[in-house]
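Report on the structure given below.
Note that the coordinates shown come from a computational prediction; the quantities given were computed from them, not determined experimentally. Only heavy atoms go into these numbers, but all of them, side chains included; no hydrogens, no water, no symmetry mates.
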Amino acid sequence: LEQAATHLVGIDLDERGVAKTREHGYEAHVADCRDPDAIDALGIEPADVVVAGEVIEHLDDPGSFLDGLHRLVAPGGLLVLTPPNASGLLNGFAAMAGAEINHPDHVILFSWRTLTNHMGRHGWEVEDAATFVPAVKEAPGSGLRQRVLGLAGRFVLWLERTIGRLWAPFVADGLIVTARSTRS
């Protein structure tokens, strides 16, 4: 983002994270984007592009978050969301294995359809949706179980990439959705 943007502003609830961001020379603010008064109090200009990467799946009330983002996106501007994909193959294979791989801080999962539907209910018109498969992370530990799970995970991620390219893109692990506000 730093290489492409003319100006970057970060907003987060995590005071320590915001402080670290400021230490690295970036403009950052502590605020809850679900609170219109908190957003207005920041006094920042709406942006041409707002990226909410890996955020919405952590929120108890994603609708108020989507409502609040209208204050941050300039008229005609673009909102980009990147949540995990509930319909990803990795989730399905994990469920069949009797496991769940979701981060413990996630409280909601979206498929492409449920996310675009939810966004529409909160004044966003989706322009484009795509998927991505993140880099493979190593399973913690070095035991046989971790090695087998790591190999199985890499295989499923390879399968997601292959099927995604050749046939069904919405089986990948992550979603990228871009939208514009329908509110004046």
Side-chain angles (χ1 to χ4, degrees), residues 1 10-24 26 28-35 38-39 50-69 72 79-119 121-122 124 126 129-161 163-164 168-179:
L1 291 175
I11 302 172
D12 203 309
L13 286 172
D14 179 16
E15 291 181 17
R16 287 181 25 199
V18 167
K20 277 186 134 351
T21 301
R22 289 177 179 161
E23 288 171 14
H24 284 90
Y26 295 101
H29 304 274
V30 176
D32 186 342
C33 290
R34 297 171 293 183
D35 180 352
I39 295 170
V50 171
V51 178
E54 307 297 317
V55 175
I56 197 167
E57 67 274 10
H58 295 266
L59 303 174
D60 294 336
D61 183 7
S64 64
F65 176 69
L66 291 171
D67 290 338
L69 292 177
L72 294 171
L79 171 63
V80 181
L81 298 178
T82 64
N85 181 10
S87 299
L89 274 184
L90 197 54
N91 287 332
F93 276 100
M96 288 188 285
E100 186 172 311
I101 56 169
N102 294 303
H103 191 281
D105 289 342
H106 292 179
V107 295
I108 191 166
L109 284 177
F110 289 100
S111 68
W112 168 83
R113 185 171 312 276
T114 59
L115 181 59
T116 57
N117 183 21
H118 198 62
M119 292 178 76
R121 291 179 180 193
H122 291 275
W124 295 97
V126 172
T131 58
F132 68 94
V133 177
V136 178
K137 295 180 181 176
E138 295 297 321
S142 59
L144 178 62
R145 178 171 160 64
Q146 284 80 13
R147 285 196 301 270
V148 169
L149 289 174
L151 287 172
R154 281 194 279 291
F155 172 73
V156 172
L157 289 172
W158 171 83
L159 194 60
E160 278 184 339
R161 285 187 184 103
I163 291 172
F170 288 101
V171 299
D173 194 45
L175 296 171
I176 304 169
V177 176
T178 57

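Not one N or O on the side chain of W112 forms a donor-acceptor pair closer than 3.5 Å with the backbone of A129. Remark: the backbone N or O of V80 is not paired with any side-chain donor or acceptor of T178 at under 3.5 angstrom.
For the residue pair H122 / D67, a side-chain donor-acceptor distance below 3.5 Å is found, with atom types taken as modelled.
Under the 4.5 Å side-chain criterion, counting only non-hydrogen atoms from C-beta, L175 is in contact with T131. Between V107 and D60, some side-chain heavy-atom pair lies under the 4.5 Å cut-off. Looking at L115 and V126, their side chains never come closer than 4.5 Å, going by heavy atoms from C-beta outward. Side-chain contact between E54 and P84 is present, with at least one heavy-atom pair separated by less than 4.5 Å. The closest side-chain heavy-atom distance from D14 to K20 is not below 4.5 Å.
More than 12 heavy-atom neighbours from other residues, nucleotides or ligands sit within 6.0 angstrom of CZ on R22.
Rounding to the nearest 0.5 Å gives a distance of 9.0 Å between CG of D35 and OG of S64. In this structure, the separation between CD1 on I39 and CD1 on I11 is 6.5 Å, given to the nearest 0.5 Å. In this structure, the separation between CG on L79 and CE on M119 is 4.5 Å, given to the nearest 0.5 Å. Between I108 atom CD1 and N102 atom CG the span is 11.5 Å, to the nearest 0.5 Å. Taking OG from S111 and CG from N117, the interatomic distance works out to 9.0 Å, rounded to the nearest 0.5 Å. To the nearest 0.5 angstrom, L81 atom CG is 11.0 Å from T116 atom OG1.
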If you apply the rule side chain to side chain contact (heavy atoms under 4.5 Å, CB included), what do you find for V177 with F110, and how did you get there?
CA-CA 11 Å; V177 176; F110 289 100; over 6 Å; no

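The aromatic rings of H58 and H106 stand perpendicular to each other, their planes meeting at an angle above 60°, with 30° marking the opposite boundary.
Taking every heavy atom of both residues into account, L109 and A86 meet most closely at CB-CB, 3.6 Å.
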